[in-house]
Amino acid sequence: MRMKELDLLKKDWQKNEGSFEQLSEKDIYGMIHKKSSSIVKWILIVSILEFVVLNGIGLLLPDDSTNLSAKENLYLNILTFFSYGITIYFVFLFFKNYKAISIISSTKELAESILKTRKTVKYYIGYNISYIIIIIISFVVYTICTDVKAQNNFSNHVTFTIIVITFISIIMIAIIWAFYQLLYGFLLKKLKKNYEELQQIES
């Protein structure tokens with residue numbers, strides 16, 4: 001069974017690489033290692049670009065903090081610095097994964113590193129979606145409190161605002177989720193394929 005799977009894997013690599021030379025198990029491992037290292041490097045690059053671009057756009061947007069109270073400004077600053085810290089931490093993890101995968105020398109270690117990288121990326125996407133949900137909830141609560149404070153009751157205007165914000169939020173979250181699937185999904189699929197090929201070598 002092992003020889004049959006390895007032969008199929010060799011044929012696949014020969015077809016993809018455009019080569020008809022005989023590939024050994026070691027050759028296949030070397031190619032998978034090289035491709036996996038390149039993919040993890042791209043994950044690192046994309047995460048850095050995402051951080052720079054999104055925060056750059058944020059700096060260009062008008063600053064409405066002058067309209068907020070001291071407590072509201074403090075909450076917003078804490079949330080912003082928390083977001084920066086977590087994002088930088090994930091970028092560091094991606095860098096750490098890239099450095100680790102670059103020096104790995106065994107099939108088992110490479111497979112484990114691929115799984116670790118895929119898990120880190122999924123956690124990163126999950127964090128970003130969760131952070132956006134927290135921002136939306138905070139905005140809804142702030143809107144309700146502001147309206148109730150101004151009118152001394154829970155008006156129909158507040159109900160309508162909540163419905164509109166909820167509808168827009170669902171659309172936003174769906175778009176952002178699709179964005180991350182497009183941005184990182186392709187790289188994760190290639191890593192998964194590499195992992196499956198390594199499993200064929202080990203089996």
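Starting from 1, each residue takes its place in the sequence as its number.
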**Prompt:** Do the rings of Phe81 and Tyr84 sit parallel, tilted or perpendicular, given the 30° and 60° boundaries?
**Reply:** perpendicular
**Asked** Same hydrophobic cluster for Leu182 and Trp177, using side-chain heavy-atom links shorter than 4.5 Å among ILVMFWY?
**Response** no
**Message:** Minimum heavy-atom separation for Arg118 and Lys189, please, with both atom names.
**Reply:** NH1-N, 4.3 Å
**Request:** Taking the side chain as every heavy atom from C-beta outward, state whether Tyr184 and Glu50 have any pair of such atoms under 4.5 Å apart.
**Result:** yes
**Request:** Report yes if some heavy atom in the side chain of Ser47 is under 4.5 Å from a heavy atom in the side chain of Trp42; otherwise report no.
**Result:** no
**Prompt:** Honestly curious: do Ile134 and Ile175 fall in one hydrophobic cluster under the side-chain, below-4.5 Å linking rule?
**Reply:** no
**Message:** Does Phe51 form a side chain to side chain contact (heavy atoms under 4.5 Å, CB included) with Ile88? I'd like the steps, not just the answer.
**Reply:** CA-CA 8 Å; Phe51 178 77; Ile88 290 170; 4.1 Å; yes
**Request:** State the CZ-NZ distance between Phe92 and Lys96, to the nearest 0.5 angstrom.
**Result:** 5.5 Å
**Prompt:** Aromatic ring centroids of Tyr124 and Phe94 under 6.0 Å?
**Reply:** yes
**Message:** Between Ser38 (side chain only) and Lys34 (backbone N and O only), is there a donor and an acceptor less than 3.5 Å apart?
**Reply:** no
**Request:** Supply the atom-to-atom distance Asn97 CG to Lys119 NZ, rounded to the nearest 0.5 angstrom.
**Result:** 11.5 Å
**Request:** Show your working on side chain to side chain contact (heavy atoms under 4.5 Å, CB included) between Leu115 and Leu191 and close with a plain yes or no.
**Result:** CA-CA 8 Å; Leu115 285 179; Leu191 275 181; over 6 Å; no
**Item:** Pairwise side-chain contact, Tyr123 with Leu93, heavy-atom cut-off 4.5 Å (strictly under)
**Value:** no
**Message:** With side chain to side chain contact (heavy atoms under 4.5 Å, CB included) as the test, pick out the partner of Ile43 among Val121, Ile48, Thr120.
**Reply:** Val121
**Message:** On a heavy-atom basis, which atom in Ile101 and which in His33 lie closest, and how many Å separate them?
**Reply:** O-NE2, 2.6 Å
**Message:** Starting from Val164, can I reach Met172 by hopping between I/L/V/M/F/W/Y residues whose side chains sit under 4.5 Å apart?
**Reply:** yes
**Fill in**
Here the gap from Ile114 atom CD1 to Glu196 atom CD, rounded to the nearest 0.5 Å, amounts to 10.5 Å
**Complete:** One should read off an interatomic distance between Ile176 CD1 and Ser169 OG, to the nearest 0.5 angstrom, of 9.5 Å
**Asked** Can you tell if the side chain of Ile135 reaches within under 4.5 Å of the side chain of Tyr131, non-hydrogen atoms only?
**Response** yes
**Request:** Could you check if a side-chain atom of Asn194 sits within less than 4.5 angstrom of a side-chain atom of Ile39, using non-hydrogen atoms only?
**Result:** yes
**Request:** Measure the spacing between NZ of Lys99 and OG of Ser37 and express it to the nearest 0.5 Å.
**Result:** 9.5 Å
**Asked** Under 4.5 Å between side-chain heavy atoms, hopping through other hydrophobics if needed: is there a path connecting Leu187 to Leu49?
**Response** yes
**Complete:** What one should report as the nearest heavy-atom pair of Tyr180 and Ile129 is CD1-CD1, 4.5 Å
**Request:** May I ask whether Tyr89 and Phe95 are part of the same hydrophobic cluster, defined by side-chain heavy atoms of I, L, V, M, F, W, Y residues being less than 4.5 angstrom apart, directly or through others?
**Result:** yes
**Request:** Check for a donor-acceptor pair, side chain of Ser130 on one end and backbone N or O of Gly126 on the other, with a separation under 3.5 Å.
**Result:** yes
**Item:** Inter-residue atom distance Asn128.CG - Ile173.CD1, 0.5 Å rounding
**Value:** 12.5 Å
**Request:** Let me see the working for Tyr195 and Ser113 under side chain to side chain contact (heavy atoms under 4.5 Å, CB included), right down to the final yes or no.
**Result:** CA-CA 9 Å; Tyr195 175 78; Ser113 183; over 6 Å; no
